[in-house]
Structures are given as C-alpha cells and as structure tokens.
Amino acid sequence: MARLIIVGPPGAGKGTQAGRIAEGFGVPAISTGDIFRKNVSEGTPLGVQAKAIMDAGNYVPDELTNELVKSRLAESDAAQGFLLDGYPRTVGQVEYLDALLAEQGTAIDAVVQLVADQDALVARLLKRAEEQGRSDDNEETIRRRQEVYSEQTAPIVAAYADRGLVVDVDGLGGIDEVGDRIQAALSSRGLTAGV
C-alpha cells in the first residue's frame, strides 16, 4: 500500500518512472491527462464539462479537476493506493487532496521529485526532438517549459516538503538506474515495492 505523487521537469523521465513505480507497488498510475481523456471519450457528465472548457482553449478549473480525481480515486483499483502524475498542480488541489484522503483516514506517503540539471534536460529534449522530427521543440520553447514547470510546481513541492514527504531523486541516467534510485529513496522511508 502506497499513496504517492511524482513530480519532475519536462525531460526527466517522469512518465516512464511513474509506470515502473506503480507496477512495483501494484497500484495504478493515475495521470490527470488520462482521466480527462477517459471521461471525455466516455461522455461522462464531468467529461462533457471538461471537453467544453478544453475546446475553448481554457484550463480545467480546480473544482472540476478535483471532482475528476475524486471519482478516479473511488475506483476499486485505487483502494490500496495510487501514484498521482500531474496532480495536484495548485496549492488549492493539495488542500483538496489532503481533505479527501483525511476523510478516508489516509494521507500521501511520499512525493518523488525527479531532479536534474536544466542544461542536461534541455540537451536530452533537443536530441529527442531531432530524433522524432519535432521542429516545435526548439531550445527557447524547451527552456520556457522548464521555467513554467518550476513556477507552477515550486509551491506544491514546498507544501509537501514542509511535512517531510519529498524525496529528491537524480533523474539523469539510464531508466533502470533512476528506477533503482527511486526504489532506494522510497525504501529509506519504509515504502517497499511488493512486486
């Protein structure tokens, strides 16, 4: 049983590691992007609301995002734990998640923060853009995304760091190498993967 959050700048391999951590702990990796897409494709009332907002080019507000996450966490596969990726994104969402878990008599166990040298990440993303022929991924765009990530995530990480829940893990290196670092960091907190 583990209730985890993963955060990390673009290019740090967060998506890859999220899947590995979730599999190791036998819990679902829950991405807000996936939740939105699933609700929209299934035409749920929340999905219809979210689609109208996204189609207008706007961000889905906290209230709706919170409801979508609450609905997903109520599914049976999340009863023994979960790994959240992309949520919470605001301090308001942190507070909502705290209250939601408190109602269930639980709380977040740890926040895995992948950290990496910004220049190394930019180089990694430029190489990936070149390999995939993504001309929109130029250095200026990539650096701007890094800045936005830092601005948006700092308050959330700070909120969890104040409670001693953040484990910093070097996100540079091979997939297995980073995965081993994450497992070691979580084990040092008494959280050991069961698979």
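Arg181 is linked by a salt bridge (Lys or Arg N to Asp or Glu O under 4.0 Å) to Asp170, Glu177, counting only residues two or more places apart in sequence or in another chain. Annotation: salt bridge (Lys or Arg N to Asp or Glu O under 4.0 Å) contacts of Glu131 (sequence neighbours excluded): Lys127. Partners of Asp162 under the salt bridge (Lys or Arg N to Asp or Glu O under 4.0 Å) rule, at least two apart in sequence or in another chain, do not exist in this structure. A search for side chain to side chain contact (heavy atoms under 4.5 Å, CB included) contacts involving Pro155 returns Val91, not counting sequence neighbours. In this structure, the salt bridge (Lys or Arg N to Asp or Glu O under 4.0 Å) partners of Glu147, at least two apart in sequence or on a different chain, are Arg144.
Here the CD atom belonging to Glu67 is positioned 5.5 Å from the NZ atom belonging to Lys70, to the nearest 0.5 angstrom. Annotation: the span from Ile35 atom CD1 to Arg72 atom CZ amounts to 6.5 Å, rounded to 0.5 Å. Atoms CD1 and CD, from Ile21 and Gln183 in turn, are 7.0 Å apart once rounded to the nearest 0.5 Å.
Under the 4.5 Å side-chain criterion, counting only non-hydrogen atoms from C-beta, Asn39 is not in contact with Lys51. Put simply, the side chain of Leu97 reaches to within 4.5 Å of the side chain of Ile5, judged on heavy atoms. Residues Ile175 and Gln17 are in side-chain contact: their nearest non-hydrogen atoms beyond the backbone lie under 4.5 Å apart. Using a 4.5 Å cut-off on side-chain heavy atoms (C-beta onward), Ile53 and Pro61 make contact. Looking at Val122 and Leu126, their side chains come closer than 4.5 Å, going by heavy atoms from C-beta outward. The shortest distance between side-chain heavy atoms of Phe25 and Arg3 does not fall below 4.5 Å. Counting only heavy atoms from C-beta outward, the side chains of Gln146 and Leu125 approach each other to under 4.5 Å. You'll find the side chain of Val40 reaches within 4.5 Å of the side chain of Met54, heavy atoms only.
If you chain together hydrophobic residues whose side chains sit under 4.5 Å apart, Leu101 and Leu68 fall into the same group. Side-chain heavy atoms closer than 4.5 Å link hydrophobic residues (I, L, V, M, F, W, Y) into clusters, and following such links, possibly through other members, connects Val111 to Tyr96. Residues Phe82 and Val7 are members of one and the same hydrophobic cluster, defined by side-chain heavy-atom contacts under 4.5 angstrom among Ile, Leu, Val, Met, Phe, Trp and Tyr. Taken together through direct or relayed side-chain contacts under 4.5 Å among Ile, Leu, Val, Met, Phe, Trp and Tyr, Ile6 and Tyr87 form parts of separate hydrophobic clusters. No path of Ile, Leu, Val, Met, Phe, Trp and Tyr side chains, each step under 4.5 Å between heavy atoms, connects Tyr160 with Ile182, placing them in separate hydrophobic clusters.
Summarising the geometry of Leu186 relative to Ala110, their closest heavy-atom pair is CD2-CB, 3.9 Å, with the distance given to 0.1 Å. The shortest non-hydrogen separation linking Leu114 to Ala12 is CD1-O, 3.5 Å. The two atoms that bring Gly171 and Val178 nearest to each other are O-CG2, 3.6 Å, heavy atoms only. Counting all heavy atoms, side chain and backbone alike, Pro28 lies closest to Ala78 at CG-CA, 4.0 Å. When all heavy atoms of Val169 and Ala185 are compared, the closest pair comes out as CG2-CB, 3.9 Å. Closest approach of Leu46 and Leu64 over heavy atoms only: CD2-CD1, 3.4 Å.
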Any chance you could lay out the side-chain contact (heavy atoms from CB on, under 4.5 Å) test for Arg143 and Asp119, step after step, and finish with the verdict?
CA-CA 9 Å; Arg143 286 195 184 277; Asp119 290 336; 2.8 Å; yes
Determine whether Leu4 and Leu191 satisfy the following criterion, side-chain contact (heavy atoms from CB on, under 4.5 Å), listing intermediate values before the conclusion.
CA-CA 10 Å; Leu4 307 167; Leu191 297 164; 4.0 Å; yes
Check step by step if side-chain contact (heavy atoms from CB on, under 4.5 Å) holds for Leu172 and Arg124.
CA-CA 10 Å; Leu172 293 177; Arg124 181 189 275 185; 3.6 Å; yes
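Judged by distance alone, the side chain of Ser41 and the main-chain N or O of Lys38 form a donor-acceptor pair under 3.5 Å.
Annotation: Glu140, atom CD; neighbour count of heavy atoms from other residues, nucleotides and ligands within 6.0 Å does not exceed 12. The environment of CD in Glu130 is sparse: at most 12 heavy-atom neighbours from other residues, nucleotides or ligands sit within 6.0 Å.
Between Arg89 and Asp62 there is no salt bridge, since no side-chain N of the basic residue sits under 4.0 Å from a carboxylate O of the acidic one.
A side chain to side chain contact (heavy atoms under 4.5 Å, CB included) with Pro88 is found for one member of Thr65, Val94, Val69 and no other, namely Val94. Each of Val167, Asp85, Leu165, Leu83 was checked for a side chain to side chain contact (heavy atoms under 4.5 Å, CB included) with Val112, and the lone residue meeting it is Val167.
Residue pairs meeting the side-chain hydrogen bond (donor to acceptor under 3.5 Å, both in side chains) criterion with at least one partner in residues 98-114, sequence neighbours excluded, are Asp98-Arg163, Gln113-Asp168.
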